[in-house]
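Just below is one structure, and these are the notes that go with it.
Each chain gets a letter, A, B and so on, in the order the sequences are listed, and its residues count up from 1.
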Amino acid sequence: MLDLRSVIQDFDGVERRLSRRGEGAVATLRPVREMAIRRRELNVALEGMKKRQSEANARVGQLMRTDKAAGEAARAEARAIGDEVKGAEEELRRVEAAIEKVLLVVPNLPHDSVPDGKDEKDNVVVRTWGEKPRLDFAPKPHWELGESLGILEWPQASKISGARFTISKGAGARLERALASFFIDTHLSRGYREVLPPYLVTAETMTGTGQLPKFEEDLFRTQGETPLYLIPTAEVPVTNMHRDEILDPADLPIRYCAWTPCFRAEAGAAGKDTRGLIRQHQFHKVELVKFSRPEESMAELERMVDDAQEVLRRLGLHHRVVELCAGDMGFSAAKTYDLEVWLPGQEAFREISSCSNCEDFQARRIRVRTRGEGGKPRLVHTLNGSGVAVGRTVVAILEQCQQADGSVVIPEALRPYMGGLERIVPEKFPRGVER
RNA sequence: GGAGAGCUGGCCGAGCUGGUCGAAGGCGCCUGACUCGAAAUCAGGUGUACCGGCAACGGUACCGUGGGUUCGAAUCCCACGCUCUCCGCCA
(Lines give C-alpha, C1' and ligand atoms only; values in the text may rest on other atoms or scores of the structure.)
Protein backbone atom coordinates (compact mmCIF):
# COMPACT_ATOMS: atom_id res chain seq x y z
CA MET A 1 0.00 0.00 0.00
CA LEU A 2 1.24 3.45 -0.87
CA ASP A 3 1.55 6.05 1.84
CA LEU A 4 -1.56 8.22 1.74
CA ARG A 5 0.30 11.24 3.01
CA SER A 6 2.93 11.21 0.28
CA VAL A 7 0.20 10.57 -2.27
CA ILE A 8 -1.57 13.71 -1.09
CA GLN A 9 1.57 15.80 -0.87
CA ASP A 10 2.87 14.92 -4.31
CA PHE A 11 0.03 13.46 -6.28
CA ASP A 12 1.49 14.32 -9.68
CA GLY A 13 4.87 12.85 -8.80
CA VAL A 14 3.32 9.61 -7.56
CA GLU A 15 1.13 9.41 -10.64
CA ARG A 16 4.14 9.92 -12.89
CA ARG A 17 6.12 7.16 -11.19
CA LEU A 18 3.14 4.84 -11.26
CA SER A 19 2.60 5.48 -14.96
CA ARG A 20 5.78 3.53 -15.71
CA ARG A 21 3.79 0.42 -14.91
CA GLY A 22 1.25 1.30 -17.54
CA GLU A 23 -2.00 3.20 -17.86
CA GLY A 24 -3.95 0.59 -15.89
CA ALA A 25 -1.89 1.23 -12.79
CA VAL A 26 -2.43 4.99 -12.92
CA ALA A 27 -6.15 4.59 -13.37
CA THR A 28 -6.40 2.79 -10.03
CA LEU A 29 -5.02 5.82 -8.21
CA ARG A 30 -7.01 8.66 -9.77
CA PRO A 31 -10.03 8.72 -7.45
CA VAL A 32 -7.81 9.11 -4.39
CA ARG A 33 -7.04 12.80 -4.81
CA GLU A 34 -10.57 14.11 -4.28
CA MET A 35 -11.34 11.66 -1.53
CA ALA A 36 -8.20 12.61 0.37
CA ILE A 37 -9.09 16.28 0.35
CA ARG A 38 -12.59 15.47 1.57
CA ARG A 39 -11.20 13.30 4.33
CA ARG A 40 -8.97 16.04 5.59
CA GLU A 41 -11.81 18.55 5.74
CA LEU A 42 -14.03 16.14 7.58
CA ASN A 43 -11.33 15.23 10.04
CA VAL A 44 -10.57 18.81 10.99
CA ALA A 45 -14.26 19.60 11.43
CA LEU A 46 -14.79 16.48 13.48
CA GLU A 47 -11.97 17.20 15.88
CA GLY A 48 -13.40 20.64 16.59
CA MET A 49 -16.77 19.11 17.27
CA LYS A 50 -15.32 16.55 19.60
CA LYS A 51 -13.54 19.18 21.56
CA ARG A 52 -16.79 21.08 22.05
CA GLN A 53 -18.46 17.85 23.02
CA SER A 54 -16.02 16.94 25.75
CA GLU A 55 -16.26 20.45 27.16
CA ALA A 56 -20.02 20.19 27.18
CA ASN A 57 -19.85 16.79 28.84
CA ALA A 58 -17.61 18.12 31.58
CA ARG A 59 -20.12 20.88 32.26
CA VAL A 60 -22.92 18.35 32.60
CA GLY A 61 -21.01 16.37 35.15
CA GLN A 62 -20.29 19.44 37.24
CA LEU A 63 -23.71 21.04 37.08
CA MET A 64 -25.53 17.83 37.90
CA ARG A 65 -24.02 17.89 41.37
CA THR A 66 -24.99 21.48 42.12
CA ASP A 67 -27.85 22.73 39.97
CA LYS A 68 -30.14 20.03 38.58
CA ALA A 69 -32.06 22.30 36.24
CA ALA A 70 -28.99 23.88 34.71
CA GLY A 71 -27.54 20.39 34.44
CA GLU A 72 -30.48 19.19 32.41
CA ALA A 73 -30.12 22.14 30.06
CA ALA A 74 -26.43 21.43 29.57
CA ARG A 75 -27.32 17.83 28.98
CA ALA A 76 -29.65 18.70 26.13
CA GLU A 77 -26.95 20.81 24.59
CA ALA A 78 -24.43 18.02 24.90
CA ARG A 79 -26.81 15.61 23.32
CA ALA A 80 -27.19 17.86 20.28
CA ILE A 81 -23.44 18.05 19.84
CA GLY A 82 -23.25 14.30 20.26
CA ASP A 83 -25.64 13.76 17.38
CA GLU A 84 -23.59 16.08 15.23
CA VAL A 85 -20.43 14.15 16.07
CA LYS A 86 -22.08 10.86 15.27
CA GLY A 87 -23.09 12.07 11.83
CA ALA A 88 -19.64 13.43 11.04
CA GLU A 89 -17.97 10.25 12.26
CA GLU A 90 -20.10 8.15 9.99
CA GLU A 91 -19.27 10.32 7.02
CA LEU A 92 -15.58 10.17 7.81
CA ARG A 93 -15.67 6.41 8.16
CA ARG A 94 -17.30 6.13 4.76
CA VAL A 95 -14.68 8.26 3.08
CA GLU A 96 -11.81 6.45 4.80
CA ALA A 97 -13.18 3.06 3.81
CA ALA A 98 -13.46 4.26 0.22
CA ILE A 99 -9.85 5.47 0.22
CA GLU A 100 -8.62 2.23 1.74
CA LYS A 101 -10.50 0.23 -0.86
CA VAL A 102 -8.86 2.12 -3.68
CA LEU A 103 -5.40 2.18 -2.15
CA LEU A 104 -5.40 -1.59 -1.60
CA VAL A 105 -5.45 -2.25 -5.32
CA VAL A 106 -2.85 0.36 -6.31
CA PRO A 107 0.47 -1.37 -7.08
CA ASN A 108 3.84 -0.34 -5.67
CA LEU A 109 5.94 2.42 -7.24
CA PRO A 110 8.86 1.17 -9.32
CA HIS A 111 12.28 2.08 -7.96
CA ASP A 112 14.12 4.71 -10.00
CA SER A 113 16.72 2.14 -11.06
CA VAL A 114 14.09 -0.08 -12.70
CA PRO A 115 14.31 -0.03 -16.51
CA ASP A 116 11.41 1.30 -18.56
CA GLY A 117 9.33 -1.15 -20.49
CA LYS A 118 5.96 -2.64 -21.13
CA ASP A 119 6.34 -6.40 -20.76
CA GLU A 120 8.85 -9.23 -20.49
CA LYS A 121 10.35 -8.39 -23.87
CA ASP A 122 11.74 -5.20 -22.31
CA ASN A 123 13.49 -6.94 -19.42
CA VAL A 124 17.24 -6.50 -19.23
CA VAL A 125 19.71 -9.39 -19.00
CA VAL A 126 22.16 -8.43 -16.28
CA ARG A 127 24.53 -11.39 -16.38
CA THR A 128 24.74 -14.99 -17.49
CA TRP A 129 26.34 -17.87 -15.62
CA GLY A 130 27.76 -20.98 -17.24
CA GLU A 131 27.20 -22.19 -20.76
CA LYS A 132 24.65 -24.14 -22.67
CA PRO A 133 25.47 -27.83 -22.22
CA ARG A 134 26.92 -29.28 -25.41
CA LEU A 135 24.55 -32.04 -26.38
CA ASP A 136 25.48 -34.01 -29.47
CA PHE A 137 21.97 -35.34 -29.81
CA ALA A 138 18.48 -33.86 -30.00
CA PRO A 139 17.62 -32.90 -26.42
CA LYS A 140 14.24 -34.08 -25.14
CA PRO A 141 11.81 -32.04 -23.14
CA HIS A 142 11.62 -33.02 -19.48
CA TRP A 143 8.16 -34.54 -19.73
CA GLU A 144 9.43 -37.11 -22.21
CA LEU A 145 12.46 -37.83 -20.06
CA GLY A 146 10.35 -38.07 -16.93
CA GLU A 147 7.99 -40.52 -18.53
CA SER A 148 10.61 -42.69 -20.15
CA LEU A 149 12.56 -42.81 -16.88
CA GLY A 150 9.35 -43.69 -15.04
CA ILE A 151 9.82 -40.91 -12.49
CA LEU A 152 7.12 -38.44 -13.59
CA GLU A 153 3.55 -39.48 -14.18
CA TRP A 154 0.60 -37.49 -15.50
CA PRO A 155 -2.34 -39.77 -16.37
CA GLN A 156 -2.66 -40.98 -12.79
CA ALA A 157 -2.30 -37.45 -11.46
CA SER A 158 -5.13 -36.11 -13.58
CA LYS A 159 -7.21 -39.13 -12.60
CA ILE A 160 -7.01 -38.23 -8.92
CA SER A 161 -6.77 -34.42 -9.06
CA GLY A 162 -7.45 -33.15 -12.58
CA ALA A 163 -5.29 -31.07 -14.85
CA ARG A 164 -2.01 -29.43 -13.85
CA PHE A 165 -0.92 -31.98 -11.27
CA THR A 166 1.97 -34.41 -11.39
CA ILE A 167 2.99 -37.48 -9.46
CA SER A 168 6.70 -37.92 -8.92
CA LYS A 169 7.91 -41.43 -8.31
CA GLY A 170 11.07 -43.20 -7.27
CA ALA A 171 14.15 -41.14 -8.05
CA GLY A 172 11.88 -38.31 -9.19
CA ALA A 173 10.22 -38.02 -5.81
CA ARG A 174 13.54 -38.35 -4.08
CA LEU A 175 15.02 -35.71 -6.32
CA GLU A 176 12.44 -33.17 -5.15
CA ARG A 177 13.10 -33.98 -1.53
CA ALA A 178 16.87 -33.89 -2.06
CA LEU A 179 16.74 -30.52 -3.80
CA ALA A 180 14.68 -28.99 -1.01
CA SER A 181 17.15 -30.17 1.63
CA PHE A 182 20.11 -29.09 -0.46
CA PHE A 183 18.66 -25.62 -0.98
CA ILE A 184 17.79 -25.12 2.67
CA ASP A 185 21.18 -26.35 3.90
CA THR A 186 22.92 -24.01 1.49
CA HIS A 187 20.93 -21.02 2.69
CA LEU A 188 21.41 -21.93 6.34
CA SER A 189 25.15 -21.83 5.81
CA ARG A 190 24.76 -18.35 4.38
CA GLY A 191 22.91 -16.77 7.30
CA TYR A 192 19.24 -17.62 6.88
CA ARG A 193 17.03 -19.04 9.62
CA GLU A 194 14.77 -21.93 8.68
CA VAL A 195 11.04 -21.70 9.35
CA LEU A 196 8.20 -24.09 8.61
CA PRO A 197 5.02 -22.01 8.44
CA PRO A 198 1.33 -22.88 8.06
CA TYR A 199 0.14 -23.57 4.52
CA LEU A 200 -3.32 -22.20 5.23
CA VAL A 201 -3.71 -18.54 6.12
CA THR A 202 -6.46 -16.01 6.74
CA ALA A 203 -7.75 -13.41 4.30
CA GLU A 204 -6.10 -10.74 6.42
CA THR A 205 -2.73 -12.41 5.93
CA MET A 206 -3.27 -12.61 2.17
CA THR A 207 -4.15 -8.92 2.16
CA GLY A 208 -0.98 -8.07 4.07
CA THR A 209 1.35 -9.25 1.32
CA GLY A 210 -0.87 -8.02 -1.50
CA GLN A 211 -2.50 -11.20 -2.88
CA LEU A 212 -5.89 -9.89 -1.75
CA PRO A 213 -8.12 -8.18 -2.60
CA LYS A 214 -6.89 -7.93 -6.18
CA PHE A 215 -5.87 -11.49 -7.04
CA GLU A 216 -8.42 -13.69 -5.34
CA GLU A 217 -8.99 -15.71 -8.51
CA ASP A 218 -5.40 -16.97 -8.37
CA LEU A 219 -5.91 -18.54 -4.96
CA PHE A 220 -7.45 -21.73 -3.59
CA ARG A 221 -9.87 -21.11 -0.76
CA THR A 222 -11.36 -23.47 1.80
CA GLN A 223 -15.03 -23.79 2.59
CA GLY A 224 -16.66 -22.48 5.73
CA GLU A 225 -17.72 -19.34 7.47
CA THR A 226 -14.21 -18.00 7.89
CA PRO A 227 -12.43 -19.43 4.87
CA LEU A 228 -8.70 -19.98 4.81
CA TYR A 229 -6.49 -19.72 1.76
CA LEU A 230 -3.81 -22.12 0.56
CA ILE A 231 -0.55 -20.21 0.30
CA PRO A 232 0.68 -19.44 -3.23
CA THR A 233 4.18 -18.92 -1.81
CA ALA A 234 5.87 -19.04 1.61
CA GLU A 235 6.35 -15.29 1.25
CA VAL A 236 2.80 -14.90 2.52
CA PRO A 237 2.99 -16.60 5.93
CA VAL A 238 6.63 -15.73 6.58
CA THR A 239 6.34 -12.02 5.80
CA ASN A 240 3.19 -11.80 7.90
CA MET A 241 4.88 -13.41 10.90
CA HIS A 242 6.02 -10.04 12.20
CA ARG A 243 2.76 -8.22 11.51
CA ASP A 244 2.10 -5.46 14.09
CA GLU A 245 5.58 -5.76 15.53
CA ILE A 246 8.37 -3.29 16.13
CA LEU A 247 11.62 -5.08 15.36
CA ASP A 248 14.79 -4.30 17.28
CA PRO A 249 17.13 -2.49 14.86
CA ALA A 250 19.99 -4.56 16.26
CA ASP A 251 18.28 -7.70 14.90
CA LEU A 252 18.09 -6.41 11.33
CA PRO A 253 18.38 -7.65 8.73
CA ILE A 254 16.34 -10.73 9.59
CA ARG A 255 16.73 -13.48 7.00
CA TYR A 256 14.38 -16.45 6.81
CA CYS A 257 14.21 -19.41 4.50
CA ALA A 258 11.18 -21.65 4.26
CA TRP A 259 10.40 -24.78 2.28
CA THR A 260 6.71 -25.17 1.51
CA PRO A 261 4.29 -26.41 -1.07
CA CYS A 262 2.70 -23.60 -3.08
CA PHE A 263 -0.82 -23.65 -4.47
CA ARG A 264 -1.94 -21.54 -7.41
CA ALA A 265 -5.26 -21.55 -9.18
CA GLU A 266 -4.12 -19.15 -11.94
CA ALA A 267 -7.42 -19.29 -13.73
CA GLY A 268 -6.16 -16.88 -16.35
CA ALA A 269 -3.23 -19.01 -17.41
CA ALA A 270 -5.21 -21.74 -19.12
CA GLY A 271 -3.55 -22.98 -22.26
CA LYS A 272 0.01 -21.99 -21.31
CA ASP A 273 2.60 -24.64 -20.50
CA THR A 274 0.03 -27.38 -20.44
CA ARG A 275 2.62 -30.12 -20.66
CA GLY A 276 5.10 -31.05 -18.03
CA LEU A 277 6.08 -29.64 -14.70
CA ILE A 278 6.39 -25.93 -15.50
CA ARG A 279 2.97 -24.65 -14.52
CA GLN A 280 1.22 -26.63 -11.80
CA HIS A 281 -1.51 -26.04 -9.26
CA GLN A 282 0.86 -27.39 -6.62
CA PHE A 283 4.63 -27.24 -6.43
CA HIS A 284 7.43 -26.96 -3.89
CA LYS A 285 9.55 -23.91 -3.40
CA VAL A 286 12.27 -22.78 -1.02
CA GLU A 287 11.58 -19.13 -0.28
CA LEU A 288 13.86 -16.45 1.10
CA VAL A 289 12.34 -13.59 3.09
CA LYS A 290 14.15 -10.62 4.60
CA PHE A 291 13.26 -7.73 6.85
CA SER A 292 15.73 -4.91 6.36
CA ARG A 293 16.51 -1.35 7.32
CA PRO A 294 15.30 0.91 4.51
CA GLU A 295 18.73 2.18 3.59
CA GLU A 296 20.10 -1.35 3.24
CA SER A 297 17.29 -3.02 1.33
CA MET A 298 18.72 -2.60 -2.15
CA ALA A 299 22.04 -4.09 -1.07
CA GLU A 300 20.10 -6.94 0.55
CA LEU A 301 18.28 -7.53 -2.72
CA GLU A 302 21.59 -7.94 -4.53
CA ARG A 303 22.74 -10.40 -1.88
CA MET A 304 19.49 -12.31 -2.13
CA VAL A 305 19.91 -12.72 -5.89
CA ASP A 306 23.41 -14.00 -5.23
CA ASP A 307 22.07 -16.43 -2.62
CA ALA A 308 19.55 -17.78 -5.11
CA GLN A 309 22.22 -18.00 -7.80
CA GLU A 310 24.48 -19.89 -5.43
CA VAL A 311 22.31 -23.02 -5.43
CA LEU A 312 22.22 -23.02 -9.24
CA ARG A 313 25.97 -22.53 -9.39
CA ARG A 314 26.53 -25.44 -7.04
CA LEU A 315 24.33 -27.59 -9.24
CA GLY A 316 26.18 -26.36 -12.33
CA LEU A 317 23.00 -25.19 -14.02
CA HIS A 318 23.38 -22.64 -16.81
CA HIS A 319 21.24 -19.60 -16.06
CA ARG A 320 20.99 -15.83 -16.35
CA VAL A 321 19.86 -12.92 -14.21
CA VAL A 322 17.24 -10.61 -15.62
CA GLU A 323 16.15 -7.23 -14.32
CA LEU A 324 12.42 -6.79 -14.76
CA CYS A 325 11.16 -3.66 -16.46
CA ALA A 326 8.56 -1.45 -14.80
CA GLY A 327 5.68 -2.92 -16.78
CA ASP A 328 6.50 -6.55 -15.96
CA MET A 329 6.93 -6.33 -12.19
CA GLY A 330 4.56 -7.86 -9.67
CA PHE A 331 2.05 -5.88 -7.67
CA SER A 332 4.05 -5.41 -4.45
CA ALA A 333 7.55 -5.08 -5.89
CA ALA A 334 9.60 -1.91 -6.19
CA LYS A 335 12.37 -3.80 -7.96
CA THR A 336 12.66 -7.38 -9.15
CA TYR A 337 15.32 -9.69 -10.56
CA ASP A 338 14.36 -12.99 -12.12
CA LEU A 339 16.69 -15.96 -12.42
CA GLU A 340 16.09 -17.83 -15.65
CA VAL A 341 17.48 -21.31 -16.17
CA TRP A 342 18.32 -22.77 -19.55
CA LEU A 343 16.04 -25.56 -20.77
CA PRO A 344 17.59 -27.34 -23.77
CA GLY A 345 14.43 -29.35 -24.40
CA GLN A 346 12.55 -26.13 -25.06
CA GLU A 347 15.47 -24.05 -26.24
CA ALA A 348 14.50 -21.29 -23.87
CA PHE A 349 15.38 -19.61 -20.61
CA ARG A 350 12.59 -20.09 -18.06
CA GLU A 351 12.02 -18.38 -14.74
CA ILE A 352 13.22 -20.41 -11.77
CA SER A 353 13.41 -17.63 -9.20
CA SER A 354 12.08 -14.14 -8.69
CA CYS A 355 13.65 -11.85 -6.09
CA SER A 356 11.93 -8.62 -5.13
CA ASN A 357 12.42 -5.67 -2.85
CA CYS A 358 8.97 -4.49 -1.80
CA GLU A 359 10.41 -1.59 0.18
CA ASP A 360 7.77 -0.39 2.65
CA PHE A 361 4.77 -1.39 0.51
CA GLN A 362 4.00 -4.60 2.43
CA ALA A 363 5.38 -3.30 5.71
CA ARG A 364 2.80 -0.51 5.66
CA ARG A 365 -0.02 -2.97 5.10
CA ILE A 366 1.05 -5.23 7.92
CA ARG A 367 2.60 -2.62 10.19
CA VAL A 368 6.09 -4.05 10.60
CA ARG A 369 8.35 -1.39 11.98
CA THR A 370 11.73 -0.87 13.56
CA ARG A 371 13.22 2.10 15.33
CA GLY A 372 15.31 4.77 13.70
CA GLU A 373 17.15 7.76 15.07
CA GLY A 374 15.90 8.82 18.47
CA GLY A 375 14.01 5.56 18.79
CA LYS A 376 11.26 6.74 16.47
CA PRO A 377 9.27 3.90 14.91
CA ARG A 378 9.55 3.62 11.15
CA LEU A 379 8.57 1.02 8.58
CA VAL A 380 11.02 -1.72 7.62
CA HIS A 381 11.57 -2.92 4.08
CA THR A 382 10.55 -6.46 3.13
CA LEU A 383 12.17 -8.62 0.48
CA ASN A 384 11.34 -12.03 -0.86
CA GLY A 385 12.77 -14.36 -3.43
CA SER A 386 12.74 -17.97 -4.51
CA GLY A 387 15.79 -19.89 -3.52
CA VAL A 388 14.63 -21.60 -5.73
CA ALA A 389 11.55 -23.29 -7.22
CA VAL A 390 12.04 -27.01 -6.65
CA GLY A 391 9.86 -28.41 -9.45
CA ARG A 392 11.43 -26.20 -12.06
CA THR A 393 14.87 -27.23 -10.84
CA VAL A 394 13.87 -30.83 -11.51
CA VAL A 395 12.97 -29.73 -15.02
CA ALA A 396 16.32 -27.99 -15.44
CA ILE A 397 18.32 -30.95 -14.17
CA LEU A 398 16.46 -33.41 -16.37
CA GLU A 399 16.94 -31.28 -19.46
CA GLN A 400 20.46 -29.95 -18.86
CA CYS A 401 21.90 -33.19 -17.51
CA GLN A 402 20.29 -35.59 -19.95
CA GLN A 403 22.49 -38.07 -21.80
CA ALA A 404 22.25 -39.54 -25.28
CA ASP A 405 20.96 -42.82 -23.83
CA GLY A 406 18.05 -41.09 -22.05
CA SER A 407 19.56 -41.28 -18.59
CA VAL A 408 20.18 -38.22 -16.41
CA VAL A 409 23.40 -37.55 -14.52
CA ILE A 410 22.79 -36.14 -11.06
CA PRO A 411 24.86 -33.05 -10.24
CA GLU A 412 27.62 -33.92 -7.84
CA ALA A 413 26.54 -31.50 -5.14
CA LEU A 414 23.23 -33.30 -4.93
CA ARG A 415 24.48 -36.86 -4.71
CA PRO A 416 24.91 -36.92 -0.92
CA TYR A 417 21.23 -36.09 -0.71
CA MET A 418 20.36 -38.89 -3.13
CA GLY A 419 22.03 -41.66 -1.20
CA GLY A 420 25.04 -41.46 -3.50
CA LEU A 421 22.99 -42.01 -6.66
CA GLU A 422 24.96 -40.72 -9.67
CA ARG A 423 22.58 -41.29 -12.50
CA ILE A 424 18.87 -41.77 -13.03
CA VAL A 425 18.11 -44.68 -15.33
CA PRO A 426 14.73 -46.06 -16.38
CA GLU A 427 12.66 -47.30 -13.47
CA LYS A 428 9.80 -49.70 -13.98
CA PHE A 429 8.98 -51.09 -10.57
CA PRO A 430 5.35 -50.59 -9.66
CA ARG A 431 5.86 -52.11 -6.24
CA GLY A 432 9.04 -50.26 -5.49
CA VAL A 433 12.67 -50.44 -6.43
CA GLU A 434 14.00 -54.02 -6.52
CA ARG A 435 17.05 -54.65 -4.45
C1' G B 1 -16.33 -30.20 20.46
C1' G B 2 -17.87 -29.01 26.06
C1' A B 3 -16.97 -26.05 30.76
C1' G B 4 -14.49 -22.13 33.20
C1' A B 5 -10.93 -17.86 33.68
C1' G B 6 -8.81 -13.86 31.35
C1' C B 7 -7.38 -10.05 27.48
C1' U B 8 -5.23 -2.48 30.40
C1' G B 9 0.98 1.48 28.46
C1' G B 10 8.11 -1.98 26.91
C1' C B 11 6.87 -5.64 31.05
C1' C B 12 4.05 -6.66 35.72
C1' G B 13 -0.34 -4.86 37.59
C1' A B 14 -4.55 -1.49 39.87
C1' G B 15 -9.06 0.59 38.20
C1' C B 16 -14.38 -2.18 36.30
C1' U B 17 -20.73 0.92 42.45
C1' G B 18 -19.96 5.13 34.40
C1' G B 19 -17.60 11.69 34.53
C1' U B 20 -11.52 15.91 35.30
C1' C B 21 -8.55 8.14 33.55
C1' G B 22 -3.89 8.03 28.65
C1' A B 23 -5.25 5.56 32.94
C1' A B 24 -2.48 4.42 40.32
C1' G B 25 1.75 1.61 41.79
C1' G B 26 6.06 -1.29 40.65
C1' C B 27 9.94 -2.91 37.19
C1' G B 28 12.72 -1.41 33.05
C1' C B 29 14.72 2.79 30.36
C1' C B 30 16.51 8.19 29.98
C1' U B 31 18.20 12.88 32.37
C1' G B 32 19.93 15.48 36.63
C1' A B 33 21.82 15.65 41.89
C1' C B 34 25.27 13.09 45.18
C1' U B 35 30.38 10.44 43.88
C1' C B 36 37.17 10.42 41.71
C1' G B 37 33.90 6.78 39.23
C1' A B 38 30.13 3.16 40.09
C1' A B 39 26.35 1.06 43.16
C1' A B 40 22.67 2.66 46.43
C1' U B 41 19.60 6.95 47.24
C1' C B 42 16.84 11.33 45.78
C1' A B 43 14.34 14.54 41.89
C1' G B 44 12.34 14.75 37.06
C1' G B 45 11.16 12.40 32.54
C1' U B 46 9.65 8.05 29.69
C1' G B 47 3.50 5.13 24.40
C1' U B 48 1.55 5.27 19.37
C1' A B 49 -1.13 7.46 15.32
C1' C B 50 -3.39 11.55 13.13
C1' C B 51 -4.55 17.08 12.75
C1' G B 52 -2.76 22.32 13.34
C1' G B 53 2.01 25.08 14.07
C1' C B 54 8.78 27.15 11.71
C1' A B 55 8.97 25.72 16.69
C1' A B 56 7.68 25.71 21.76
C1' C B 57 3.25 23.60 21.98
C1' G B 58 -1.98 22.65 21.35
C1' G B 59 -5.88 19.26 19.80
C1' U B 60 -8.17 14.33 18.64
C1' A B 61 -8.09 9.06 18.99
C1' C B 62 -6.41 4.48 21.13
C1' C B 63 -7.59 0.06 27.91
C1' G B 64 -8.39 -7.58 22.49
C1' U B 65 -11.94 -6.36 17.92
C1' G B 66 -16.71 -4.67 16.35
C1' G B 67 -21.48 -2.92 17.71
C1' G B 68 -25.06 -1.00 21.51
C1' U B 69 -26.85 1.89 25.95
C1' U B 70 -25.68 7.04 27.73
C1' C B 71 -24.99 14.01 27.61
C1' G B 72 -20.52 10.99 28.81
C1' A B 73 -17.74 3.98 28.83
C1' A B 74 -11.33 1.00 30.35
C1' U B 75 -15.73 0.81 33.47
C1' C B 76 -22.71 -1.40 31.74
C1' C B 77 -24.93 -4.73 27.53
C1' C B 78 -24.31 -7.89 22.96
C1' A B 79 -21.37 -10.42 19.26
C1' C B 80 -16.74 -12.06 17.66
C1' G B 81 -11.40 -13.13 18.18
C1' C B 82 -7.39 -14.78 20.94
C1' U B 83 -4.85 -16.85 25.37
C1' C B 84 -4.84 -20.07 29.61
C1' U B 85 -6.94 -24.28 32.69
C1' C B 86 -9.95 -28.76 32.87
C1' C B 87 -12.76 -32.62 30.01
C1' G B 88 -13.53 -35.14 25.30
C1' C B 89 -11.31 -36.50 20.54
C1' C B 90 -6.90 -37.16 17.73
C1' A B 91 -1.66 -37.82 13.95
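Taking the six-membered ring where tryptophan is involved, the planes of Tyr256(A) and His242(A) are essentially parallel, since the angle between them stays under 30° and well short of 60°.
One interatomic measurement links the two molecules: CZ of Arg371(A) to C1' of A49(B), which rounds to 13 Å at whole-angstrom precision. Between the CG atom of Leu42(A) and the P atom of C51(B) there is a distance of 14 Å, rounded to whole Å. Atom-to-atom, CG of Leu247(A) to P of G10(B) comes out at 15 Å; the value is rounded to the nearest Å. Protein atom CE of Met49(A) is 14 Å distant from nucleotide atom P of U60(B), rounded to whole Å. For the pair Asp3(A) CG and C50(B) P, the computed distance is 8 Å after rounding to whole Å. Between the CZ atom of Arg378(A) and the P atom of U48(B) there is a distance of 15 Å, given to the nearest Å. Leu92(A) has its CG atom 16 Å from the P atom of U60(B), to the nearest Å. In this structure, Ile246(A) atom CD1 and G9(B) atom C1' are separated by 12 Å, rounded to whole Å.
The separation of C29(B) from C87(B), taken at their C1' atoms, amounts to 45 Å, rounded to a whole angstrom. A74(B) and C86(B) have their C1' atoms separated by 30 Å, given to the nearest Å. For the C1' atom pair drawn from G81(B) and U70(B), the interatomic distance equals 26 Å after rounding to whole Å. Taking atom C1' on both nucleotides, U17(B) is separated from C76(B) by 11 Å, rounded to a whole Å.
Between atom CD1 of residue Ile184(A) and atom SG of residue Cys257(A) there is a gap of 5.5 Å, rounded to the nearest 0.5 Å.
Across all strands shown, Arg5(A) has heavy atoms under 4.0 Å from sugar-phosphate atoms exclusively, and none from any base. Counting non-hydrogen atoms under 4.0 angstrom, Val60(A) reaches a base of the nucleic acid. Residue contacts for Arg52(A): at a heavy-atom cut-off of 4.0 Å it reaches no nucleic acid atom on any strand shown.
In summary, the aromatic rings of Phe361(A) and Phe331(A) are positioned with their centroids under 6.0 Å apart. Centroid-to-centroid, the aromatic rings of His281(A) and Phe263(A) stay 6.0 Å apart or farther.
An OP1 or OP2 oxygen of G72(B) is reached within less than 4.0 angstrom by no side-chain nitrogen or oxygen of Ser54(A).
In summary, Glu15(A) and Arg30(A) engage in a salt bridge, as defined by a charged side-chain N under 4.0 Å from a carboxylate O.
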